[in-house]
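Worksheet: the structure to be examined is printed underneath.
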Amino acid sequence: MSLTSLDATLWLAFVWLAIGGAGFLAPRNYFYIARVLFPLGALVGLLLAGVALDAVFHEPVSRVLPLGLPDLPFHARMDALSAFFLLLTGSVAAGISVFAGGYFRHGEQGTLPGLLCFYYHVFLASMALVLVADDAYFFMVAWESMALSSFFLVTTDHRHAEIRRAGYLYLLIAHVGAMAILMCFGALQGGTGSYQFDAMRAVQPGPVWGTVAFLLALFGFGAKAGLLPLHVWLPEAHPAAPSPVSALMSAVMLKTAVYGLLRVTFDLIGSPVWWWGVIALSIGLASALFGIVFAAVQTDMKRLLAYSSIENIGLIASGFGLTILFRGFSMGPLAALALTATLYHCINHAFFKSLLFLATGSVLHSTKERSLGKLGGLIHRMPWVAWLSLVGTLAIAGLPPLNGFVSEWLLLQAFLFTPGLPHAYLNMLVPVAAGLIALTAALSGYVMVKFYGVVFLGQPREAKLAEVQDAGLWKRAGLLWLAGGCVALGLFPLTVIGLIDEVTRPLTGFGIAGQSAASGWLYLVPISAERASYSPLLFLLVTSLLIAIAWLGVRLFYHGRMRRSAAWDCGFPYLDSRMQDTAQGFGQPVRQVFEQYFRVEQTVPSPFDPKPRYAETASDPLWHWLYLPFARGIMRATGLVTVLQRGRISVYLIYSFVTLLALLLFVR
Amino acid sequence: MGEMTFLLASPLVGAVVLALFGHRRYAAEVNVAFSALTLVAAAVLTEKVIEDGPAILLWEQFFVDSLNVFLVALTAFVAMTTSLFSRPYMRIEHAHGKVTDAGLRLYHSMYQMFSFTMLVVLTTNNLGIMWVALEAATLTTVLLIALYRTHASLEAAWKYFILCGVGIAQALFGTILVYFTSEKILGPGVGALLWTHLDAVKGQLEPTVMSLAFVFLMVGYGTKVGLVPLHNWLPDAHAEGPTPISAVLSGLLLNVALYALIRFKVITDGALLAASDGGIPFASRLMMGFGLLSVVVAACFLSRQKDIKRMFAYSSIEHMGLITFAFGMGGPVASFAGLLHMTLHSLTKSAIFFAVGHAAQKAGTQMMDEIRGLMQINPTVGWGLMLGTAAILGMPPFGVFASEFLILTTAIAQQPWAAPILLFALGVSFAAIFGKVQPMVFGETTAKRLPHPPALVPVFTHLSLVLMLGLYTPPYLADWYRQAARLIG
Amino acid sequence: MLHFLSLHAAELINLCASLILLIAFAMLAQRKILALINLFAAQGLMLCVSTVLVAFVSGQAHLYWSALLTLVLKVLLLPWILHRLIRKLNVKWDVETLFNVSTTMIVGIVLVILAFNLVQPVSQLAGAVTKSTLGIALASVLLAFLMMITRSKAVPQVVGFLAMENGLVLAATGATHGMPMVIEFGIALDVLVGVLILGVFFFQIRERFDSLDTRHLEKLKET
Amino acid sequence: MTSAAGLAAQFAELILAVLLAPMLTGWVNQCRAWLQNRSGPGVLQPYRMLLKLFRKEVVLAHNASPLFRIAPYVIFACLALSAAIVPTLSTDLPLNAAADAIALVGLLALARMFISLAGMDVGTAFGSLGARREMMVGFLAEPALLMVLFTASLISHSTSLATIVGTLAKNEFVIYPSLAFAGVAFTMVSLAENARIPVDNPATHLELTMIHEAMVLEYSGRHLAMIEWAASLKLFVYSCMGLALFVPFGIAEGGDSAGILLALPVLAAKLAVGGALLALIETLSAKMRIFRAPEFLGIAFLVAVLAMLVRVLLES
């Protein structure tokens, strides 16, 4: 009896739970929790990634656990799709956990470190279990445990009302989403009454039930992923949570939603209809654009990253929609291309977003400041964090030769094939959608310059920033691991695609790595060499060579003389840090261009104001158009119902009387 | 046989003893001891039924099968843990001067009496005695609800008495009608009211009379279950009585009333089967309607609550509605789920009331706006409330999710129209309850220390059982539920 | 005499039943508490008589016991308790303002028709002697219900509750020749205990609210 | 994919681009001077300036971080590489396989990112103002450029620049309406990207209007030289890209040296005409207010999207 990868995964998840439980042994001992348990958790993550890496290349294995409902015990299954996402989970979690070992050094206010350790590892374990669950019940249990544990993590510092509010909003939307997912499974069981995924795979749902299931899945998983219009929790919850948790949520938890979408659409439903793709694509594009435009006007660095997560999830959803489109028209290889781009972006986003969240965590930890308007110049005081987050910044902006570029490149390549769609309108409109992707990518560059420039460059905006310390060794190690991941994923796309191939082949019947491998190990060739190719390694090599030559050349032919002096600034002598652009100022052009999409509230001082103050908030219009009216509607409806209970006993007796009479007449 | 006598005798003797010594310092311990004795008897009885199967005892007036023995075990268990909780709780109330010595005597005595009446309802084979005992259960609790003698508690008790009394009078009419038809087949006398006999001849009972009778029973016992629109006594009674009583009302009495309804449903279904046209049986349709209405209306009320106990009372209405709906759907899975949900709701809701009781004592008020930051001053109370709330809202891995999962998935398969309504209502109540509990548990505190240490063992015992049932149902328990579900059909 | 009884038992039973119904109507319209209690006692008496008649006709010995129980409880004990109560509570001469008596009466008549209609298929199954009593019983239950709805004072509400109980006993004796004795005793005990508890309650309510008007009991409600 | 001749051609092209780029800038300035009735400093003026800057010592602000010092080299390398990717003389370029049109846009974005970050580094009002404006221009121009390239790649079913140019050069007698739209968009984008009138004025130091110059205000000495050189390279790259897309004739196919030798004077001629046209546009138009720039670029983006739509609607 050999240990299968599935068993190993389940055991590792269990070890995570055990580590969480071990936190209760000495709940106040920071050293024990941060320096022993968290690194252990990281090790488990690493092992999990190893197991998953192996499992990607193997046949699916499944087993039944002696837990769960009497007639529906927990079924677990490991196939390439699960393994891929487990790989993502394990590898990212390893970095985040190492970082957390340094982050929770002083402990978060409001919650015991032991408790925090418990939530954290339960969160990790439940994410791993979501990925291997093979029946609706197990899936839902893991899914909701994930929501609950992350809710507690978000509300770690629950003494602030806005954090509590964020946690509430988060859990509420997660719960509503979970209900939709539950209904989706209900629609999928197709009257068999069996809630095992195997049974759902075997049943071919009719077009109506299939559509219902897909839309419910899109709603449910979209709520977790933060797709429009269910994104509102994301920019609230991410800033509220401690940074390693934001990182974990953004990097891994959002991906479990993507996993769920892929699982339901391509595995359980099995035969998607093309127009589902149009829906997913539209929502994805809307989310992407919305997310990045809002990211541009944020003044809180974690909110900014949260909106950027919405953008990235939007891109992933676009890729997903494109995959359905191709799949629906039986264009297998192109579906594989789009799916590869989607999955690639998933893992990329996991790495660079967690890197950046952890970087903000370091900054927050050192400066106690989250607002962009009070940071600046940290590259001098925190060089490690600054340089490592530069990698993340460049990656998330989709710049070569880092990883973000590869997946966006693949996605755009996939878009360029859409004129071949056998549908009159789609083949015209979808290629144009590529323009929106391009706009989003360019805007993300804008946002990232703002983020990096305001936080790390320029002069410190507050005096206290002069004393901040750089991140400690544990944090550096975590950041280094993730930054290394960004670089490696960017430089060796062929290896990654080889992995992803194992996933796309069962789901779409095709893979793109074979084609690529035929063109040599150096080049990424998704379809054919004439069509497009990209070699990040060569790219990096030549760029570095050119930099080296330029530098050496200058040194060789001229000199290296240098003199430090005050900044010139066009000769203006009274330069101070307040003259730099603020975060608001930097976002102003975007705000102006997209003005009608924001709800902007400005207070502009009069020209004669002795102490002029300028305030501006750009809030989410969807909140005002959708959520508030909905909540008001519910309250109004419930208000009507309360009329039923006014305290008079005669009236209550009338209710009983009338009910009795009505039923008696009914039974006649 | 012996166990049965013991099971009923223990609380009865307890009631008498405590009627005499209920005000003494050790009364609470005596109360616990009698509850523990009852629990032991229930355990032995359960053990016996599991081994030997159903049994008819004591001149056929009592019988146990897997359906009621599980409720007996649950009732004895929750009554026991509640007595544990009530020990410090009532002491604190006494110390705060809310209860007099006489009040304590009444409380302890009636507590045992209440256990007794519920156990009689559950174990009796005689549908008439069932009615008598259920009415007696109302009578024993009505004084407890008025224990504090405040305006509000008197009002609540009055409403409780009148509404339940009137309601249960309808149930008597229904019982008379059942007797009216069964007497024709079984002959006059006690035999015609024995459930086992009725069950044997249910196919021959006159369908017209049975459906008429079921309407009366539905309205009658439904009032006690707290089904909308017959529920109006419930939130008042839960909110104004002492918290241990709220816990047993919510956790046990509602179950017991529902149990009575189920027994009649089995017979009615049997009687109407011959005449039915193959559609949904009449009784099932009625129960589904009431269940659905209760869930929806309770969800609406939930979102407007200010009093914490009142809110959880509405939550009980909601869950009772859900269980009624499940039994209404029928079939092995739904009935199984209904029974499981009964168990879990009982355990969870009583645990919540335990936590709520201490929370309210700490804050000195039941108004949710004034209870803040429980986590800070007494983390265990805060956690009890938080986890209990998470459990009752159907968050996995707690067991309530398991039963809700089964009920909802069956609803999707069998009554697809109802599933979205149920889910929407559950969503609204989630938003309502969680939104109110969270600020109470988290944040800066307003609470103060209590004169006696709170009893939180019951809370966490219940919650760990609920947690276990969410992840793992022991095989014997599952078999037991299955058998019981088969009895319900 | 006995001969006459056996010949005309059915008519007599129906007469008693009708009287019960009539008294129920009278209670519906009665404003005075004292009179209400007396009417209740009269209704109990009628019930007792009809039970004896049924016992005589059907030869069910336990019905005599049942009749005795009714006599002791409904005719003597409960009215006595109620009398004592209203004296102690000093509400003996209380007069209640009722909501439009004629409307209430019309509703009552509708209820009677409804009740007869409803039990008609069931009555077919009943023995010849008690054919119409079931309808009357249901009608008096519903009328008592209606009375409870229209009253706002506590004591009349309780009297209504007890009148409802009378209707149920009528149903039991009329339609089924009485429930088994165990049950009858149980029901009687419940009613007695209930009234005692209510008695305690009246005092408590009076003590708190200075009134027995249930319109003071409207604080607990949803807003 | 690679051949010795290809490598040689690639290398030659790179060297040529790096060496000739300042001359193009000089030529445009000279033309502009002529059009404005000035005598002009001559086409070699940029070289003199670079030489002067190289000789001067670097004066670095106290606050400048290492990023500030690295950025010029990175920017220079990025633009040099993009010059190597764009087919100027021949379509048989080994680096073409390493980076296609999308990667080229990415490369230009990388350079933009670094220059903006460098602009923000010292923490002066002008630096961040310039960076902000540069990124504003970028986020609108970049997708427009990508759309232009997509239109071309939809024609040739490839995003590889070499293939695009090869295809376009071969089908010289087919007229693509989409390319006309794309051309308009491309021109607008190029003007903005190269800090030209009407979006920016390379000759100004008036804080209200400048973009590029605001960012590089703190640079001096060899750093400034690298940046100026990179700016010249950028103009060169854009010009060559435009020529390759819209006037692709005369570019050698394959790596034969004869073809390359022939392509060289053709390129020079095309660049000369293009530079003159640029100078003409600059002379004829007025500098826009900075707030108008998004509109200008938005139009460019829409025209580029239109080009793509036309391509899909009318030509397939």
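Only this structure's heavy atoms are used, side chains among them; waters, hydrogens and symmetry mates stay out. By convention in this document, chain letters (A, B, ...) are assigned in the order of the sequence lines, proteins followed by strands, and residues within each chain are numbered from 1.
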Quick one, Leu81(D) and Phe539(A) - any side-chain contact, counting heavy atoms below 4.5 Å?
yes
When Glu408(A), Gln588(A), Gln413(A) are compared by non-hydrogen pairs under 4.5 Å with chain D, the top option
Gln413(A)
Does Phe139(D) reach the side chain of Val590(A), with side-chain heavy atoms less than 4.5 Å apart?
yes
Passes side chain to side chain donor-acceptor pair (under 3.5 Å), Gln580(A) versus Thr124(D)? Steps please.
CA-CA 6 Å; Gln580(A) 304 171 91; Thr124(D) 61; over 6 Å; no
As an exercise: rank Gly398(A), Ser444(A), Pro401(A), Ala438(A) by heavy-atom pairs under 4.5 Å with chain D and give me the winner.
Ala438(A)
Can you tell me how the ring of Tyr558(A) sits relative to the ring of Phe54(D), calling it parallel under 30°, perpendicular over 60° and tilted otherwise?
parallel
Short side-chain to backbone donor-acceptor contact, His62(D) and Ala567(A), under 3.5 Å
no
Keeping the roles fixed (side chain from Asp581(A), backbone from Arg132(D)), state whether a donor-acceptor pair exists under 3.5 Å.
no
Pair Phe405(A), Ile102(D) - check side-chain contact (heavy atoms from CB on, under 4.5 Å), show working.
CA-CA 9 Å; Phe405(A) 179 75; Ile102(D) 305 174; 4.2 Å; yes
Contact origin within Leu390(A) toward chain D - heavy atom pairs under 4.5 Å
side chain
Please state whether the side chain, the backbone, both or neither of Val593(A) comes within less than 4.5 Å of a heavy atom of chain D.
side chain
Measuring only between side-chain heavy atoms, which start at C-beta, is Ile547(A) closer than 4.5 Å to Phe76(D)?
no
To the nearest 0.5 angstrom, please state how far the CG atom of Leu394(A) sits from the CZ atom of Phe114(D).
5.0 Å
Could you look at Ile70(D) and say if it's the side chain, the backbone, both or neither that has a heavy atom under 4.5 Å from chain A?
side chain
Are more than 12 heavy atoms from other residues, nucleotides or ligands located less than 6.0 Å from atom CZ of Arg69(D)?
no
I need the Tyr452(A) OH to Leu117(D) CG distance, nearest 0.5 Å.
7.5 Å
Go through Leu161(D), Leu107(D), Val305(D) and name the one with the most non-hydrogen pairs under 4.5 angstrom from chain A.
Leu107(D)
CH2 (Trp409(A)) and OG1 (Thr159(D)) are apart, to the nearest 0.5 Å, by 6.0 Å
Is there side-chain contact between Met113(D) and Val449(A), with at least one heavy-atom pair below 4.5 Å?
yes
If you tally heavy-atom pairs under 4.5 Å between each of Leu538(A), Leu416(A), Leu412(A), Thr440(A) and chain D, the highest tally belongs to Leu416(A)
Looking at Gly435(A), Pro460(A), Ala386(A), which one has more heavy-atom pairs under 4.5 Å with chain D than the rest?
Gly435(A)
So, taking the atom named CG in Leu140(D) and the one named CG in Leu443(A), what distance separates them when rounded to the nearest 0.5 Å?
7.5 Å
Checking Tyr73(D) against Val554(A) for the side-chain contact (heavy atoms from CB on, under 4.5 Å) test, could you report, in this order, the C-alpha distance in whole Å, the side-chain angles of both residues, the deciding distance, and whether it holds?
CA-CA 10 Å; Tyr73(D) 299 101; Val554(A) 170; 4.1 Å; yes
Answer with side chain, backbone, both or neither: which region of Leu154(D) has an atom nearer than 4.5 Å to a non-hydrogen atom of chain A?
side chain
Heavy-atom distances under 4.5 Å only: say whether Ser153(D) touches chain A with side chain, backbone, both or neither.
side chain
Given 3.5 Å as the limit, does a donor-acceptor pair link the side chain of Arg564(A) with the main chain of Asn63(D), or not?
no
So what's closer than 4.5 Å to chain A heavy atoms on Pro72(D): side chain, backbone, both or neither?
neither
Interchain contact, Thr393(A) with chain D, by part (heavy-atom threshold 4.5 Å):
both
Given that the side chain runs from C-beta out, which part of Ala144(D) has a heavy atom under 4.5 Å from chain A: side chain, backbone, both or neither?
neither
Heavy atoms, side chains only, cut-off 4.5 Å: are His380(A) and Ser65(D) in contact?
yes
Heavy-atom check, side chain of Leu457(A) versus side chain of Phe68(D), under 4.5 Å
no
Of the listed residues (Ala103(D), Pro294(D), Ala84(D)), which shares the most heavy-atom pairs with chain A below a 4.5 Å separation?
Ala103(D)
Looking at CG of Leu439(A) and CG of Leu146(D), how far apart are the two atoms once the value is rounded to the nearest 0.5 Å?
10.5 Å
Given heavy-atom pairs under 4.5 angstrom as the criterion, report whether the side chain, backbone, both or neither of Met136(D) touches chain A.
both
Using non-hydrogen atoms and a 4.5 Å limit, figure out which bit of Ala434(A) sits close to chain D: side chain, backbone, both or neither.
both
Check whether Tyr534(A) gets within reach of chain D through its side chain, its backbone, both or neither, counting any heavy atom under 4.5 Å.
both
How long is the straight-line distance from SG of Cys78(D) back to CG of Leu399(A), given to the nearest 0.5 Å?
9.0 Å
Proximity of residues 219-228 of chain D to chain A, residues having a non-hydrogen atom under 4.5 angstrom:
Arg222(D), Met226(D)
